[in-house]
Amino acid sequence: LHNDKGVHGGTPPEALHYFQLGQYKYDLQCFFNQVGTTSQLSKEIDSLCGAFGSLIHRQSDRDKPRTTFNSGVSQGKVQGHEMTGTILVLTAVLRSAKGRNTILNMAWGDAKKHFPDEKAVISWLSLLETQLELEAWLKEPEMKVELVKRADTKMREYMNMCKRVQKRDTKME
């Protein structure tokens, strides 16, 4: 036990574990599959993430997520608590005009099928921002009962958003 609340006290950390090791890793895999894992666009997004990550990086503040990664964010070979930083950096890139223009101008082939217009980029941005908000909520020291009850409906809506945006075409690993 990590606290005196039994199995019910362990629920939010387990959902948090799901985001950090499960969903974030899957997001990166789906996103880079859509842009092309070995494409020039993928390399360009990775370099933009590196540039943004170094600008966001604050070495002395350990409460903030790590945002610099030696092998890039597309590799996704980081520990669970560091995955938040990869999603944060990718979100910042998608939020920027440079990131959006890079995706829309460099996408061709399968990537153009997944990113035909700015609406697709905005959909990914909404998904990633929603996940970061959910993670922040799960890290709260206390939760109101009515919000936890509403989370049932909101999680269904969130899962439908994941299904719609990620367009899964392969089985999970």
Side-chain angles (χ1 to χ4, degrees), residues 1-34 45-46 48-96 99-100 119-168 171-173:
L1 293 175
H2 67 284
N3 58 25
D4 295 327
K5 298 191 179 11
V7 69
H8 301 292
T11 303
E14 285 306 312
L16 187 60
H17 178 81
Y18 159 75
F19 274 103
Q20 291 177 336
L21 278 176
Q23 192 60 45
Y24 287 164
K25 192 173 186 179
Y26 189 67
D27 286 343
L28 291 173
Q29 181 185 21
C30 287
F31 180 80
F32 282 100
N33 280 344
Q34 287 183 10
I45 290 171
D46 227 359
L48 281 172
C49 286
F52 275 69
S54 63
L55 292 172
I56 297 171
H57 177 69
R58 294 290 179 255
Q59 184 177 0
S60 61
D61 194 351
R62 295 185 188 269
D63 292 337
K64 304 290 182 225
R66 180 177 158 220
T67 58
T68 55
F69 307 97
N70 294 336
S71 59
V73 297
S74 65
Q75 300 302 315
K77 295 184 181 184
V78 295
Q79 296 178 3
H81 68 280
E82 298 172 332
M83 289 300 286
T84 303
T86 62
I87 298 300
L88 180 65
V89 170
L90 183 58
T91 303
V93 168
L94 293 178
R95 173 66 60 191
S96 73
R100 286 185 191 185
K119 185 179 177 187
V121 178
I122 292 171
S123 295
W124 265 102
L125 184 60
S126 296
L127 175 67
L128 298 177
E129 286 177 345
T130 300
Q131 289 175 345
L132 289 170
E133 290 167 1
L134 279 170
E135 181 188 1
W137 179 67
L138 289 169
K139 286 183 175 180
E140 290 290 319
E142 293 181 7
M143 295 179 184
K144 294 184 179 180
V145 173
E146 61 268 12
L147 291 179
V148 174
K149 288 179 181 176
R150 285 182 55 201
D152 182 42
T153 304
K154 295 299 177 186
M155 288 306 277
R156 273 195 210 107
E157 292 172 3
Y158 160 72
M159 295 305 282
N160 286 331
M161 182 192 301
C162 289
K163 186 175 165 182
R164 187 178 63 250
V165 173
Q166 292 171 339
K167 298 177 185 165
R168 182 169 152 184
K171 293 182 180 180
M172 288 185 73
E173 295 177 7

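Note that the coordinates shown come from a computational prediction; the quantities given were computed from them, not determined experimentally. Residues take their numbers from the sequence shown, with the count starting at 1.
One distance of note links CZ of Arg164 with OG of Ser126; it measures 8.5 Å at 0.5 Å rounding. With rounding to the nearest 0.5 Å, the separation of CG in Leu55 from OG1 in Thr68 is 11.5 Å. Note that the SG atom of Cys49 and the CD1 atom of Ile87 stand 9.5 Å from one another [nearest 0.5 Å]. Here the straight-line distance linking atom OG1 of Thr67 with atom CG of Leu90 works out to 13.0 Å at 0.5 Å rounding. A distance of 10.5 Å separates CD of Glu129 from CD1 of Ile122, quoted to the nearest 0.5 Å. Atom CD of Gln23 sits about 8.0 Å away from atom SG of Cys30, to the nearest 0.5 Å.
For Leu48 against Gly99, the heavy-atom pair with the smallest separation is CD1-CA, 4.0 Å. Scanning both residues, Val89 and Gly53, for their nearest heavy atoms gives CG2-CA, 3.9 Å. Here the shortest heavy-atom pairing between Phe52 and Ala92 reads CE2-O, 3.7 Å. Considering all non-hydrogen atoms of both residues, Thr130 and Met161 come closest at OG1-CE, 3.9 Å. Heavy-atom minimum distance, Tyr24 versus Glu135: OH-OE1, 2.6 Å. Between Asp27 and Trp124, the closest heavy-atom pair is O-CH2, 3.6 Å.
Proximity of Trp137 to Lys154: side-chain heavy atoms (C-beta onward) are nowhere separated by under 4.5 Å. Looking only at side-chain heavy atoms (C-beta outward), Lys25 and Thr86 stay at 4.5 Å or farther from each other. A heavy-atom distance below 4.5 Å is not found between the side chains of Val73 and Phe31.
A donor-acceptor distance shorter than 3.5 angstrom exists from the side chain of Gln34 to the backbone of Gln166, with no hydrogens or angles considered.
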Next on the checklist: Could you go through Leu134 and Met155, starting from their C-alpha distance and side-chain angles, then the distance that decides it, and tell me whether this counts as side-chain contact (heavy atoms from CB on, under 4.5 Å)?
Outcome noted: CA-CA 9 Å; Leu134 279 170; Met155 288 306 277; 4.2 Å; yes
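Donor-acceptor pairing under 3.5 Å is lacking for the side chains of Gln29 and Asn33.
Between Arg150 and Glu146 no salt bridge is recorded (no basic side-chain N to carboxylate O distance below 4.0 Å).
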